[in-house]
2 protein chains.
Amino acid sequence: MQQKSCWTWRNCCFKVSETISYGVLLATIKDVAKAAGVSTATVSAVVNDTAYVSPDLRARVLSAIRDLRYSPSLVARNLRRGRSQLIALAVADLANPFYARMVSSAEAAVAAWGYSLVLFNSDEKPETERRILARIRTLGCDGAVIVPVGAADQYRHHEFDDVPTVLLGRSLGGDQADTVTVDNFSAGRQVTNYLLDLGHTHIGSITGPMQLSTGHGRLEGMIEAMAARGLAPQPSHVRSGEFREDAAYSVARDILGQPNRPTALYVANGVMAIGAMRAVSDIGLSCPQDVSIASTDTISGVGGLKPRLTRTEHPVADMTNAALRMLVERIEKKVSVPPRHITFQPALVVGESCAPVAR
Amino acid sequence: MQQKSCWTWRNCCFKVSETISYGVLLATIKDVAKAAGVSTATVSAVVNDTAYVSPDLRARVLSAIRDLRYSPSLVARNLRRGRSQLIALAVADLANPFYARMVSSAEAAVAAWGYSLVLFNSDEKPETERRILARIRTLGCDGAVIVPVGAADQYRHHEFDDVPTVLLGRSLGGDQADTVTVDNFSAGRQVTNYLLDLGHTHIGSITGPMQLSTGHGRLEGMIEAMAARGLAPQPSHVRSGEFREDAAYSVARDILGQPNRPTALYVANGVMAIGAMRAVSDIGLSCPQDVSIASTDTISGVGGLKPRLTRTEHPVADMTNAALRMLVERIEKKVSVPPRHITFQPALVVGESCAPVAR
DNA sequence: GGACGCTAGCGAAACGGTTCGGCCAGATGC
DNA sequence: GCATCTGGCCGAACCGTTTCGCTAGCGTCC
């Protein structure tokens, strides 16, 4: 490998040597048929093991396949069969470790079912999601797992009729598609009860967008838990952080800057909790001494937070597997089943980010 | 949405209601042509804006498209055009946050170039990778970004001739394909020099597999840095952790259990560093008081480690973008360019996991 | 007014497979 | 020996696009 030229680009070094060419066309079934002296139908029969072929011919076909390095074009096969062997996954925020884990589980499950995974990131933008749904249609994906980012009324009534779809993590309330969700209400209630048990009565919340089930559900759980003890959050202590770290940071500064600041914050997801932690420290307060912070949906150890978060954790892997199982069922037995809805229960995981209320 | 039945499965609840059917066949170009009273060629011309069509016909076609919710089948289009609009990414370990970030960058870049991303996880298994490469071929992906997991000699000489390919993160030494890597030698040297500057002379290493460039490269950098000061690592203090957390854990226990244990460990990647940290603490030692730990390729904040790791960081996003730029260039201008090799420089990021040598 | 050029739109072949009906040869039955 | 049956293999249609070559109709110019 001799170096012929060197060229810098940012902080990188660039070396070239002899030419690569992709001129070699892939062999088609016709080439194989010709080489083996049989018809394409026979080659197809051998490849798919769909009809008896005499040992003689079979051997000739197999040898031709090997010689030509033939591998059937899935594009052509799928055009004919009307399938694509592709399952799409559209997550709401790929940079969020929570969704990274979802992707990891999904890849394994999809491969295990014999499909390939096409990955999309809607980045919490309904407009991007719209384009993704269109793309999934035209790609002819056999099925799709979607973490929806829009409000229920942003979707057409039969939005998900073309491609078998499972909504994962967030529900749209309606009955358009199969759904796998976590019990957000319970998550909010569990976390809040934990804070209440520590003696907190002034609890604020940085919520997700209210049009999402993960947004309002968690807040409603919190409100219910407080109401059960005759309490209610102060309106100025409940604000949306849009599931974004930077937004949560500002909102946290705002809430904690108020004269009667809450002693505890329920932050509706993991990345926002990081923002809130940062705000606490920038304001000159400390967690959990001055402010307790608890969260939901965080995966373990996200962001290297110093006091580990007290949080409810979602069984991401189980949820993803369940979603794919439902999806593949729908794809393969084409029978029309009523839409199904599976709800998982979150579990409270106690970290070091909450302390009994001072005084 | 009334609940008709309830069935429990693990810790989840299951509800059903009215039927979903996917009977609605997608409209084809022929349906549109018939509805608009034109030929399929004209519809195609309108859809692709590839020829002039009179305003009258154009309007009729567009309206038919809207009425029928027509969207052209990429499967058919790609069969005809001989392209698939798909770019494959095969990473070595999806559960590793380092690769999760790579996936996130890749998805964005692939979408920006107008392709869709097909994601694979070879899980560090050459056998799985072999299947993935075959799958990429048959899927007809226009290009592939691969983090190779095998030794160079496990690949056929023209392994990457069929599909334009960029090797990312690890090189195979040869000149089969474009390559984007990080300077592993420099990473090993930088980290080791830092440890040496802290006064450590007994430095051990948990390395990656020696057949990988990321395995031997980093170790060689370390050895060179020590040699420059007239030192050398003790053979029993250098062991492979296979880039796996559990393996690194055992190896760390082993190395640190030796009577003359090293005062510092260079661990070749982030997940292994977590294992090593765990081993240190399980043995009853503490980091950095008793053992300094430094690493390479870790992404910030991985695993919520208490003392943040001192490490060299790879510019993952830049590397991924560079890889995709090269790939798309190769796909689109089909000219045969010699294989190119880009090397990025790692940067040392100082955390709290290393201390001056005791005594 | 006829030859010609131009162009909007059409028909049909092709892409690479699958699949179904049909054909031919050999075996079987009477 | 002829009709029938059977089983292995083939030819060709088809999947939904794109694209090339062609036609028909119009306007222009001598």
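Reminder, nothing fancy here: chain letters follow the sequence lines and each chain counts from 1.
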Going by side chain to side chain contact (heavy atoms under 4.5 Å, CB included), name the residues that satisfy it together with [X], two or more places apart in sequence or in a different chain.
| X | answer |
| --- | --- |
| Ala317(B) | Ser105(B) |
| Asp31(A) | Ala27(A), Thr28(A), Leu68(A) |
| Leu79(B) | Val75(A), Ala76(A), Leu79(A) |
| Lys125(B) | Asp123(B), Thr128(B) |

CA sep, side-chain torsions, deciding dist, call: Arg170(B), Glu129(B), salt bridge (charged side-chain N to carboxylate O under 4.0 Å, His left out): CA-CA 14 Å; Arg170(B) 298 171 182 175; Glu129(B) 182 184 65; over 6 Å; no

Could you give the [atom1]-to-[atom2] distance, from [X] to [N], as a whole number of Å?
| X | N | atom1 | atom2 | result |
| --- | --- | --- | --- | --- |
| Arg77(B) | dG17(C) | CZ | P | 21 Å |
| Arg83(B) | dC15(C) | CZ | P | 18 Å |
| Leu68(A) | dG16(C) | CG | C1' | 15 Å |
| Ile65(A) | dG17(C) | CD1 | P | 10 Å |
| Asn78(B) | dG17(C) | CG | C1' | 15 Å |
| Asp31(A) | dG17(C) | CG | C1' | 13 Å |
| Lys34(B) | dG11(C) | NZ | C1' | 16 Å |

Closest nucleotide among dT17(D), dG9(C), dG16(C) to the Ile29(B) side chain: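 Selected nucleotide (nearest to the side chain): dT17(D).
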
Nucleotide of dG17(C), dT17(D), dC15(D) approaching Leu79(A) most closely (side-chain heavy atoms):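 The nucleotide sitting nearest to the side chain is dC15(D).
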
Below the 4.0 Å mark, does [N] have OP1 or OP2 next to a side-chain nitrogen or oxygen of [X]?
| X | N | result |
| --- | --- | --- |
| Ser39(B) | dC10(C) | yes |
| Thr42(B) | dC10(C) | yes |
| Ser73(B) | dG16(D) | no |
| Tyr70(B) | dG16(D) | no |

Could you run down the sub-3.5 Å N/O contacts of the protein with nucleotides 12-14 of chain C?
unit_1: dA14(C); atom_1: N3; unit_2: Arg80(B); atom_2: NH1; d: 2.8

Minimum heavy-atom distance Leu324(A)-Ala109(A), with the two atoms named: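 Reported closest heavy-atom pair: CD1-CB, 3.3 Å.
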
Nearest heavy-atom neighbours spanning Tyr70(A) and Arg137(B):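 In terms of heavy atoms, the two residues are closest at C-NH2, 4.3 Å.
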
Pair listing, salt bridge (Lys or Arg N to Asp or Glu O under 4.0 Å) test, anchored in residues 45-57 of chain B, at least two apart: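 Listed once each, the pairs are Asp49(B)-Arg58(B), Asp56(B)-Arg60(B).
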
Salt bridge (Lys or Arg N to Asp or Glu O under 4.0 Å) contacts touching residues 103-119 of chain A (sequence neighbours left out):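 Residue pairs passing salt bridge (Lys or Arg N to Asp or Glu O under 4.0 Å), neighbours aside: none found.
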
Residue list, side chain to side chain donor-acceptor pair (under 3.5 Å) with Arg77(A), at least two apart or on another chain: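 Checked Arg77(A) against side chain to side chain donor-acceptor pair (under 3.5 Å); matches are Asn48(A).
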
Gln211(A): side chain to side chain donor-acceptor pair (under 3.5 Å) partners, not counting sequence neighbours: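 Gln211(A): no side chain to side chain donor-acceptor pair (under 3.5 Å) contacts found.
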
side-chain hydrogen bond (donor to acceptor under 3.5 Å, both in side chains) contacts in which one or both residues fall within residues 86-95 of chain A, not counting sequence neighbours: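 side-chain hydrogen bond (donor to acceptor under 3.5 Å, both in side chains) check on residues 86-95 of chain A returns no pairs.
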
Nucleotide pairing, DNA chain D (Watson-Crick or G-U, distances under 3.5 Å), in dot-bracket with [ ] and |: ||||||||||||||||||||||||||||||

Closest-nucleotide 5' rank along DNA chain C - winner of Lys30(A) and Val43(A):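 Closer to the 5' end of DNA chain C: Lys30(A).
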
Proximity to DNA chain D (any heavy atom under 4.0 Å), residues of residues 44-60 of chain B only: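 Output list: Ser44(B), Asn48(B).
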
